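Given the structure is predicted, the values throughout are model-derived calculations rather than measurements.
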Amino acid sequence: MTTHNKFKITVPATSANIGPGFDVLGMAFSLYLTLDCERLPVGSGLQMTYEGEGAKDVPLVAEKNLITKTALYVLSTYGITSLPPLKIHVTNPIPLGRGLGSSGSAVVAGVVLANAAGNLQMTYDRMLDYCLMVERHPDNVAPALFGGFVASFLRELEPEELDPPSIPRSEPTRNGAPQPPTPITDIGHYIQLGWTKEIKAIAVIPDFEVATEDARAVLPDMYQRADVIYNLQRIAVLTTALSRTPVNADLIHKAMSDKVHQPYRKHLIPGMAEMLEKITPKTYPGVVGICLSGAGPTILVLATENFDQIAAAVQDIFTSCPNGGIKSMYKVLDVVDEGAKTEYFD
(Lines give C-alpha, C1' and ligand atoms only; values in the text may rest on other atoms or scores of the structure.)
Protein backbone atom coordinates (compact mmCIF):
# COMPACT_ATOMS: atom_id res chain seq x y z
CA MET A 1 0.00 0.00 0.00
CA THR A 2 1.60 3.27 -1.14
CA THR A 3 1.73 6.14 1.36
CA HIS A 4 2.08 9.56 -0.22
CA ASN A 5 3.79 12.33 1.71
CA LYS A 6 1.55 15.07 0.38
CA PHE A 7 -2.07 15.14 -0.72
CA LYS A 8 -4.75 17.71 -1.43
CA ILE A 9 -8.47 17.33 -0.73
CA THR A 10 -11.02 19.45 -2.59
CA VAL A 11 -14.73 19.61 -1.70
CA PRO A 12 -17.30 21.83 -3.47
CA ALA A 13 -19.82 24.10 -1.83
CA THR A 14 -23.44 23.09 -2.30
CA SER A 15 -26.99 24.35 -2.29
CA ALA A 16 -29.92 22.23 -1.14
CA ASN A 17 -33.73 22.44 -1.00
CA ILE A 18 -33.80 23.68 -4.61
CA GLY A 19 -37.26 25.18 -5.17
CA PRO A 20 -39.81 22.45 -4.40
CA GLY A 21 -37.03 19.93 -3.65
CA PHE A 22 -36.99 20.34 0.13
CA ASP A 23 -34.65 17.73 1.67
CA VAL A 24 -34.32 16.13 -1.79
CA LEU A 25 -32.44 18.23 -4.36
CA GLY A 26 -28.90 19.61 -4.10
CA MET A 27 -26.17 20.84 -6.40
CA ALA A 28 -22.40 21.26 -6.25
CA PHE A 29 -20.76 24.59 -7.10
CA SER A 30 -17.44 25.85 -8.43
CA LEU A 31 -16.46 27.12 -4.97
CA TYR A 32 -14.12 24.82 -3.09
CA LEU A 33 -13.02 24.00 0.43
CA THR A 34 -9.43 22.72 0.16
CA LEU A 35 -7.09 20.87 2.53
CA ASP A 36 -3.39 20.85 1.69
CA CYS A 37 -1.92 18.01 3.71
CA GLU A 38 1.65 16.87 4.40
CA ARG A 39 2.73 13.91 6.50
CA LEU A 40 5.14 14.74 9.33
CA PRO A 41 7.77 12.57 11.06
CA VAL A 42 6.52 10.03 13.58
CA GLY A 43 6.15 11.65 16.97
CA SER A 44 5.06 15.00 15.59
CA GLY A 45 1.68 16.42 16.44
CA LEU A 46 -1.09 17.81 14.27
CA GLN A 47 -0.27 21.21 12.77
CA MET A 48 -3.40 22.90 11.46
CA THR A 49 -3.74 26.34 9.88
CA TYR A 50 -6.79 27.97 8.36
CA GLU A 51 -7.59 30.86 6.05
CA GLY A 52 -10.82 32.19 4.63
CA GLU A 53 -14.37 32.38 5.95
CA GLY A 54 -14.61 32.12 9.72
CA ALA A 55 -10.85 32.25 10.24
CA LYS A 56 -11.20 34.14 13.53
CA ASP A 57 -13.67 31.70 15.04
CA VAL A 58 -12.95 28.24 13.64
CA PRO A 59 -11.15 26.07 16.25
CA LEU A 60 -7.90 24.44 15.19
CA VAL A 61 -7.88 21.72 17.85
CA ALA A 62 -8.43 18.26 16.34
CA GLU A 63 -11.20 17.30 18.77
CA LYS A 64 -13.14 20.55 18.18
CA ASN A 65 -12.69 21.37 14.51
CA LEU A 66 -15.54 19.82 12.49
CA ILE A 67 -13.22 18.53 9.75
CA THR A 68 -10.72 16.80 12.02
CA LYS A 69 -13.38 15.74 14.54
CA THR A 70 -15.19 13.93 11.72
CA ALA A 71 -11.91 12.35 10.58
CA LEU A 72 -11.18 11.16 14.13
CA TYR A 73 -14.60 9.51 14.33
CA VAL A 74 -14.07 7.64 11.05
CA LEU A 75 -10.59 6.49 12.06
CA SER A 76 -11.83 5.34 15.47
CA THR A 77 -14.21 2.87 13.81
CA TYR A 78 -11.13 1.31 12.15
CA GLY A 79 -9.33 1.01 15.50
CA ILE A 80 -7.13 4.07 14.85
CA THR A 81 -7.18 6.32 17.91
CA SER A 82 -5.64 9.49 16.48
CA LEU A 83 -4.81 11.26 13.26
CA PRO A 84 -1.34 10.45 11.95
CA PRO A 85 1.16 13.33 12.23
CA LEU A 86 0.01 15.85 9.64
CA LYS A 87 0.38 19.45 8.61
CA ILE A 88 -3.02 20.59 7.31
CA HIS A 89 -3.72 23.96 5.75
CA VAL A 90 -7.43 24.65 5.23
CA THR A 91 -8.59 27.21 2.70
CA ASN A 92 -12.30 27.94 2.97
CA PRO A 93 -14.08 30.45 0.70
CA ILE A 94 -17.53 29.04 1.61
CA PRO A 95 -19.44 31.48 3.85
CA LEU A 96 -20.48 29.93 7.16
CA GLY A 97 -24.12 29.70 8.14
CA ARG A 98 -25.35 31.15 4.85
CA GLY A 99 -27.03 28.17 3.17
CA LEU A 100 -24.12 27.12 0.93
CA GLY A 101 -23.38 23.82 2.63
CA SER A 102 -20.35 24.87 4.67
CA SER A 103 -20.93 22.27 7.40
CA GLY A 104 -21.75 19.54 4.87
CA SER A 105 -18.57 20.28 2.92
CA ALA A 106 -16.56 20.19 6.17
CA VAL A 107 -18.04 16.80 7.11
CA VAL A 108 -17.27 15.41 3.64
CA ALA A 109 -13.73 16.81 3.89
CA GLY A 110 -13.30 15.09 7.26
CA VAL A 111 -14.40 11.70 5.93
CA VAL A 112 -12.17 12.04 2.86
CA LEU A 113 -9.29 13.16 5.11
CA ALA A 114 -9.66 10.02 7.24
CA ASN A 115 -9.77 7.88 4.12
CA ALA A 116 -6.55 9.41 2.75
CA ALA A 117 -4.63 9.78 6.02
CA GLY A 118 -5.52 6.29 7.23
CA ASN A 119 -5.21 4.56 3.84
CA LEU A 120 -8.70 3.16 4.43
CA GLN A 121 -9.52 2.65 0.73
CA MET A 122 -13.24 3.28 1.25
CA THR A 123 -15.55 3.54 -1.74
CA TYR A 124 -17.44 6.78 -2.23
CA ASP A 125 -20.69 5.03 -1.33
CA ARG A 126 -19.17 3.90 1.97
CA MET A 127 -17.90 7.40 2.62
CA LEU A 128 -21.48 8.61 2.15
CA ASP A 129 -22.57 6.32 5.01
CA TYR A 130 -20.02 7.97 7.30
CA CYS A 131 -21.03 11.46 6.19
CA LEU A 132 -24.65 10.69 7.04
CA MET A 133 -23.71 9.56 10.53
CA VAL A 134 -22.56 13.11 11.26
CA GLU A 135 -24.73 15.20 8.94
CA ARG A 136 -28.09 13.55 8.37
CA HIS A 137 -29.16 15.51 5.30
CA PRO A 138 -28.00 13.82 2.08
CA ASP A 139 -29.16 16.74 -0.10
CA ASN A 140 -26.01 18.61 1.02
CA VAL A 141 -23.42 15.88 1.50
CA ALA A 142 -24.32 13.86 -1.61
CA PRO A 143 -23.57 16.67 -4.11
CA ALA A 144 -20.48 17.65 -2.11
CA LEU A 145 -19.22 14.07 -2.32
CA PHE A 146 -20.34 13.13 -5.85
CA GLY A 147 -20.80 16.46 -7.64
CA GLY A 148 -23.49 17.62 -10.04
CA PHE A 149 -27.23 18.11 -9.59
CA VAL A 150 -28.36 15.36 -7.23
CA ALA A 151 -31.58 13.90 -5.85
CA SER A 152 -31.24 11.83 -2.69
CA PHE A 153 -33.10 10.19 0.16
CA LEU A 154 -32.47 8.26 3.36
CA ARG A 155 -33.72 4.71 3.37
CA GLU A 156 -36.16 3.59 6.02
CA LEU A 157 -34.29 1.61 8.63
CA GLU A 158 -35.28 -1.93 9.52
CA PRO A 159 -36.63 -2.56 13.04
CA GLU A 160 -33.34 -4.13 14.16
CA GLU A 161 -31.51 -0.98 12.99
CA LEU A 162 -33.63 1.45 15.01
CA ASP A 163 -31.46 1.36 18.13
CA PRO A 164 -30.93 5.13 18.67
CA PRO A 165 -27.09 5.13 18.57
CA SER A 166 -27.22 3.61 15.06
CA ILE A 167 -29.44 6.29 13.55
CA PRO A 168 -27.61 9.01 11.59
CA ARG A 169 -27.57 12.41 13.26
CA SER A 170 -29.00 15.56 11.67
CA GLU A 171 -26.37 17.87 13.19
CA PRO A 172 -22.68 17.46 14.01
CA THR A 173 -21.98 15.98 17.46
CA ARG A 174 -21.66 18.76 20.04
CA ASN A 175 -20.65 19.34 23.64
CA GLY A 176 -18.65 16.16 23.99
CA ALA A 177 -21.60 13.86 23.30
CA PRO A 178 -20.64 10.27 22.43
CA GLN A 179 -19.81 9.78 18.78
CA PRO A 180 -22.07 7.48 16.78
CA PRO A 181 -20.85 3.94 16.08
CA THR A 182 -19.68 2.36 12.84
CA PRO A 183 -22.43 3.13 10.32
CA ILE A 184 -24.71 0.59 8.81
CA THR A 185 -24.44 0.32 5.03
CA ASP A 186 -26.52 2.03 2.34
CA ILE A 187 -28.00 4.66 4.63
CA GLY A 188 -28.53 7.11 1.79
CA HIS A 189 -29.38 6.73 -1.87
CA TYR A 190 -28.82 9.26 -4.63
CA ILE A 191 -28.90 9.82 -8.37
CA GLN A 192 -27.12 12.46 -10.40
CA LEU A 193 -29.59 14.33 -12.58
CA GLY A 194 -29.05 16.10 -15.87
CA TRP A 195 -28.05 19.77 -15.90
CA THR A 196 -27.73 22.06 -18.88
CA LYS A 197 -24.47 24.00 -18.76
CA GLU A 198 -26.19 27.12 -20.07
CA ILE A 199 -27.58 27.71 -16.57
CA LYS A 200 -25.35 29.23 -13.90
CA ALA A 201 -26.16 29.96 -10.28
CA ILE A 202 -26.03 33.45 -8.79
CA ALA A 203 -25.62 33.20 -5.03
CA VAL A 204 -26.53 36.49 -3.34
CA ILE A 205 -25.16 36.23 0.19
CA PRO A 206 -26.43 38.68 2.82
CA ASP A 207 -24.36 39.75 5.77
CA PHE A 208 -26.16 37.74 8.45
CA GLU A 209 -26.54 34.09 9.39
CA VAL A 210 -29.55 31.82 9.83
CA ALA A 211 -28.96 28.76 12.00
CA THR A 212 -30.27 25.54 10.47
CA GLU A 213 -31.95 24.68 13.77
CA ASP A 214 -33.86 27.99 13.72
CA ALA A 215 -34.92 27.51 10.10
CA ARG A 216 -36.14 23.98 10.90
CA ALA A 217 -38.01 25.17 13.99
CA VAL A 218 -40.40 27.36 11.97
CA LEU A 219 -41.61 24.48 9.80
CA PRO A 220 -44.94 22.81 10.64
CA ASP A 221 -45.19 19.22 11.84
CA MET A 222 -48.04 18.52 9.40
CA TYR A 223 -48.81 19.77 5.88
CA GLN A 224 -51.99 20.15 3.86
CA ARG A 225 -52.31 17.50 1.17
CA ALA A 226 -52.75 20.19 -1.50
CA ASP A 227 -49.40 21.74 -0.59
CA VAL A 228 -47.59 18.39 -0.78
CA ILE A 229 -49.16 17.66 -4.19
CA TYR A 230 -48.17 21.16 -5.33
CA ASN A 231 -44.50 20.42 -4.61
CA LEU A 232 -44.56 16.90 -6.01
CA GLN A 233 -45.96 18.13 -9.32
CA ARG A 234 -43.29 20.80 -9.65
CA ILE A 235 -40.32 18.71 -8.62
CA ALA A 236 -41.23 16.12 -11.27
CA VAL A 237 -41.19 18.82 -13.95
CA LEU A 238 -38.20 20.77 -12.60
CA THR A 239 -35.73 17.89 -12.52
CA THR A 240 -36.25 17.23 -16.23
CA ALA A 241 -36.59 20.86 -17.33
CA LEU A 242 -33.18 21.79 -15.87
CA SER A 243 -31.53 19.24 -18.18
CA ARG A 244 -33.14 20.43 -21.41
CA THR A 245 -31.74 22.67 -24.15
CA PRO A 246 -32.96 25.21 -25.17
CA VAL A 247 -33.71 26.42 -21.66
CA ASN A 248 -37.43 26.97 -20.97
CA ALA A 249 -37.11 29.79 -18.45
CA ASP A 250 -40.83 30.31 -17.93
CA LEU A 251 -41.44 26.61 -17.21
CA ILE A 252 -38.48 26.32 -14.84
CA HIS A 253 -39.45 29.49 -13.00
CA LYS A 254 -42.97 28.18 -12.42
CA ALA A 255 -41.65 24.75 -11.42
CA MET A 256 -39.35 26.26 -8.78
CA SER A 257 -42.30 27.44 -6.69
CA ASP A 258 -42.60 25.92 -3.24
CA LYS A 259 -45.20 25.59 -0.48
CA VAL A 260 -43.33 23.35 1.95
CA HIS A 261 -40.50 25.42 3.40
CA GLN A 262 -40.04 28.87 1.83
CA PRO A 263 -43.41 30.35 2.94
CA TYR A 264 -42.56 29.54 6.56
CA ARG A 265 -39.03 30.96 6.38
CA LYS A 266 -39.81 34.29 4.72
CA HIS A 267 -39.78 36.20 8.00
CA LEU A 268 -36.24 34.95 8.70
CA ILE A 269 -34.89 36.57 5.51
CA PRO A 270 -35.89 40.23 5.09
CA GLY A 271 -36.81 41.03 1.48
CA MET A 272 -37.19 37.40 0.42
CA ALA A 273 -40.91 37.62 -0.37
CA GLU A 274 -40.28 40.68 -2.58
CA MET A 275 -37.43 38.91 -4.37
CA LEU A 276 -39.53 35.85 -5.18
CA GLU A 277 -42.23 38.10 -6.56
CA LYS A 278 -40.14 40.58 -8.56
CA ILE A 279 -37.13 38.60 -9.87
CA THR A 280 -38.71 36.75 -12.81
CA PRO A 281 -37.84 35.88 -16.44
CA LYS A 282 -40.18 38.67 -17.59
CA THR A 283 -38.72 41.43 -15.41
CA TYR A 284 -35.06 40.40 -15.77
CA PRO A 285 -34.07 38.61 -19.01
CA GLY A 286 -31.79 35.69 -18.23
CA VAL A 287 -33.56 34.67 -15.02
CA VAL A 288 -34.54 31.01 -15.03
CA GLY A 289 -35.59 30.51 -11.42
CA ILE A 290 -35.16 31.82 -7.88
CA CYS A 291 -35.24 30.16 -4.48
CA LEU A 292 -33.78 30.09 -1.02
CA SER A 293 -30.42 28.32 -0.88
CA GLY A 294 -30.51 25.64 1.77
CA ALA A 295 -31.97 27.04 4.99
CA GLY A 296 -30.88 30.52 3.92
CA PRO A 297 -30.25 33.35 4.08
CA THR A 298 -28.52 33.14 0.67
CA ILE A 299 -30.82 33.72 -2.30
CA LEU A 300 -30.10 31.51 -5.30
CA VAL A 301 -30.99 32.75 -8.77
CA LEU A 302 -30.57 30.42 -11.75
CA ALA A 303 -29.80 32.37 -14.91
CA THR A 304 -28.36 32.14 -18.42
CA GLU A 305 -27.20 35.76 -18.91
CA ASN A 306 -27.14 39.25 -17.36
CA PHE A 307 -25.70 37.80 -14.16
CA ASP A 308 -24.41 41.08 -12.71
CA GLN A 309 -27.65 42.95 -13.43
CA ILE A 310 -29.75 40.21 -11.83
CA ALA A 311 -27.49 40.05 -8.76
CA ALA A 312 -27.69 43.83 -8.40
CA ALA A 313 -31.50 43.66 -8.42
CA VAL A 314 -31.49 41.18 -5.53
CA GLN A 315 -28.89 43.24 -3.67
CA ASP A 316 -31.01 46.37 -4.10
CA ILE A 317 -33.90 44.67 -2.34
CA PHE A 318 -31.62 43.68 0.55
CA THR A 319 -30.30 47.25 0.69
CA SER A 320 -33.81 48.70 0.83
CA CYS A 321 -34.85 46.58 3.81
CA PRO A 322 -35.93 48.50 6.94
CA ASN A 323 -33.51 49.60 9.67
CA GLY A 324 -30.70 50.64 7.39
CA GLY A 325 -30.76 47.81 4.89
CA ILE A 326 -28.66 44.67 4.63
CA LYS A 327 -25.24 44.44 3.00
CA SER A 328 -24.67 41.53 0.63
CA MET A 329 -22.20 40.09 -1.83
CA TYR A 330 -22.68 37.73 -4.74
CA LYS A 331 -20.92 34.96 -6.59
CA VAL A 332 -21.68 33.62 -10.07
CA LEU A 333 -21.06 29.87 -9.92
CA ASP A 334 -21.08 26.89 -12.23
CA VAL A 335 -22.78 23.65 -11.27
CA VAL A 336 -19.85 21.22 -11.37
CA ASP A 337 -19.91 17.53 -12.28
CA GLU A 338 -17.08 16.51 -9.96
CA GLY A 339 -17.42 16.28 -6.20
CA ALA A 340 -14.85 15.64 -3.49
CA LYS A 341 -11.48 14.45 -4.71
CA THR A 342 -8.03 13.65 -3.38
CA GLU A 343 -4.83 14.37 -5.31
CA TYR A 344 -1.65 12.66 -4.16
CA PHE A 345 1.91 13.91 -4.48
CA ASP A 346 5.25 12.31 -3.64
Side-chain angles (χ1 to χ4, degrees), residues 14-29 99 101 104 128 132 136-156 186-202 215-216 219-266 272 275-277 279-282 286-296 298-304 334-337 339:
T14 62
S15 180
N17 300 336
I18 308 302
F22 177 66
D23 274 1
V24 179
L25 298 179
M27 57 183 67
F29 291 141
L128 178 61
L132 292 173
R136 186 166 171 79
H137 307 294
D139 50 336
N140 264 325
V141 295
L145 189 59
F146 300 107
F149 179 38
V150 179
S152 59
F153 65 90
L154 294 170
R155 72 172 172 88
E156 292 187 345
D186 299 324
I187 298 172
H189 297 272
Y190 68 94
I191 187 168
Q192 290 171 301
L193 304 167
W195 182 271
T196 177
K197 293 301 181 182
E198 296 175 53
I199 300 176
K200 294 182 182 293
I202 307 167
R216 288 258 166 192
L219 300 179
D221 294 326
M222 303 289 289
Y223 287 95
Q224 295 292 322
R225 179 169 58 183
D227 290 346
V228 175
I229 292 172
Y230 182 98
N231 273 43
L232 289 173
Q233 290 171 331
R234 282 153 183 77
I235 196 172
V237 173
L238 180 66
T239 49
T240 297
L242 286 170
S243 70
R244 296 285 179 86
T245 301
V247 174
N248 189 333
D250 185 59
L251 177 64
I252 294 171
H253 181 260
K254 288 183 173 68
M256 283 187 70
S257 297
D258 162 72
K259 289 190 175 182
V260 168
H261 76 109
Q262 291 182 162
Y264 304 97
R265 291 172 166 172
K266 286 180 181 178
M272 175 181 157
M275 295 168 195
L276 294 179
E277 179 184 353
I279 308 299
T280 72
K282 291 181 179 179
V287 169
V288 172
I290 182 170
C291 65
L292 192 61
S293 181
T298 291
I299 300 297
L300 192 72
V301 186
L302 303 183
T304 55
D334 292 313
V335 176
V336 295
D337 293 330

Looking at Val335 and Phe149, what are the two nearest heavy atoms and their distance? CG1-N, 4.3 Å
Pair Val141, Leu128 - check side chain to side chain contact (heavy atoms under 4.5 Å, CB included), show working. CA-CA 8 Å; Val141 295; Leu128 178 61; 3.9 Å; yes
So that I can tick it off, tell me whether Lys197 and Asp337 are bridged by a salt bridge, with the cut-off set at under 4.0 angstrom between side-chain N and carboxylate O. yes
Search all heavy atoms of Asn17 against all heavy atoms of Ala295 and return the closest pair with its distance. ND2-N, 4.1 Å
Any chance NZ of Lys282 has more than 12 other-residue heavy atoms, nucleotides or ligands included, within less than 6.0 Å? no
Taking every non-hydrogen atom, the tightest pair across Leu25 and Ala151: CD2-CB, 3.9 Å
Between His137 and Leu154, does the side chain to side chain contact (heavy atoms under 4.5 Å, CB included) criterion hold? Intermediate values first, please. CA-CA 8 Å; His137 307 294; Leu154 294 170; over 6 Å; no
Spell out, as yes or no, whether a donor-acceptor pair under 3.5 Å connects the side chain of Tyr223 to the backbone of Val260. yes
Looking only at non-hydrogen atoms, find the nearest pair between Asp139 and Ala16 and report the distance. OD2-CB, 3.4 Å
Flag, side chain of Gln262 to backbone of Gly19, donor-acceptor distance under 3.5 Å: no
Any non-hydrogen side-chain atom of Val24 less than 4.5 Å from a side-chain atom of Ile235? yes
Between Asp23 and Arg136, is there a salt bridge with N-O shorter than 4.0 Å? no
How many angstroms lie between atom CG of Asp258 and atom CD1 of Ile18, to the nearest 0.5 angstrom? 11.0 Å
Parallel, tilted or perpendicular: rings of Tyr190 and Phe146 (30°, 60°): parallel
Please tell me whether Thr196 and Thr245 have a donor and an acceptor in their side chains that are separated by less than 3.5 angstrom. yes
Output for pair (Ile252 CD1, Asp250 CG), nearest 0.5 Å, gives 10.0 Å
Can you tell me how far the CG atom of Asp334 sits from the CE atom of Met27, to the nearest 0.5 Å? 12.0 Å
Would you find a donor on one side and an acceptor on the other, under 3.5 Å apart, between the side chain of Ser257 and the backbone of Lys254? yes
Do the rings of Phe22 and His261 sit parallel, tilted or perpendicular, given the 30° and 60° boundaries? parallel
Interatomic distance, Ile202 atom CD1 to Ile299 atom CD1 [nearest 0.5 angstrom]: 12.0 Å
How long is the span from the OG atom in Ser152 to the CG atom in Leu145, to the nearest 0.5 Å? 11.5 Å
Closest approach of Leu238 and Pro20, non-hydrogen atoms and distance? CD2-CD, 3.7 Å
Over 12 non-hydrogen atoms of neighbours within 6.0 angstrom of CG in Leu219: yes
Criterion side chain to side chain contact (heavy atoms under 4.5 Å, CB included) on Thr240 and Arg244, from CA distance to verdict: CA-CA 7 Å; Thr240 297; Arg244 296 285 179 86; 3.4 Å; yes
Looking at every non-hydrogen atom in both residues, tell me the closest pair between Arg265 and Met272 and how far apart they are. O-SD, 4.5 Å
Would you say Ser15's side chain and Ser293's backbone share a donor-acceptor pair under 3.5 angstrom? no
Could you give the distance from CD (Glu198) to CG (Leu242), rounded to the nearest 0.5 Å? 12.0 Å
Looking at Tyr230, does the NZ or CZ of Arg234 lie under 6.0 angstrom from its six-membered ring centre and within 45 degrees of the ring axis? yes
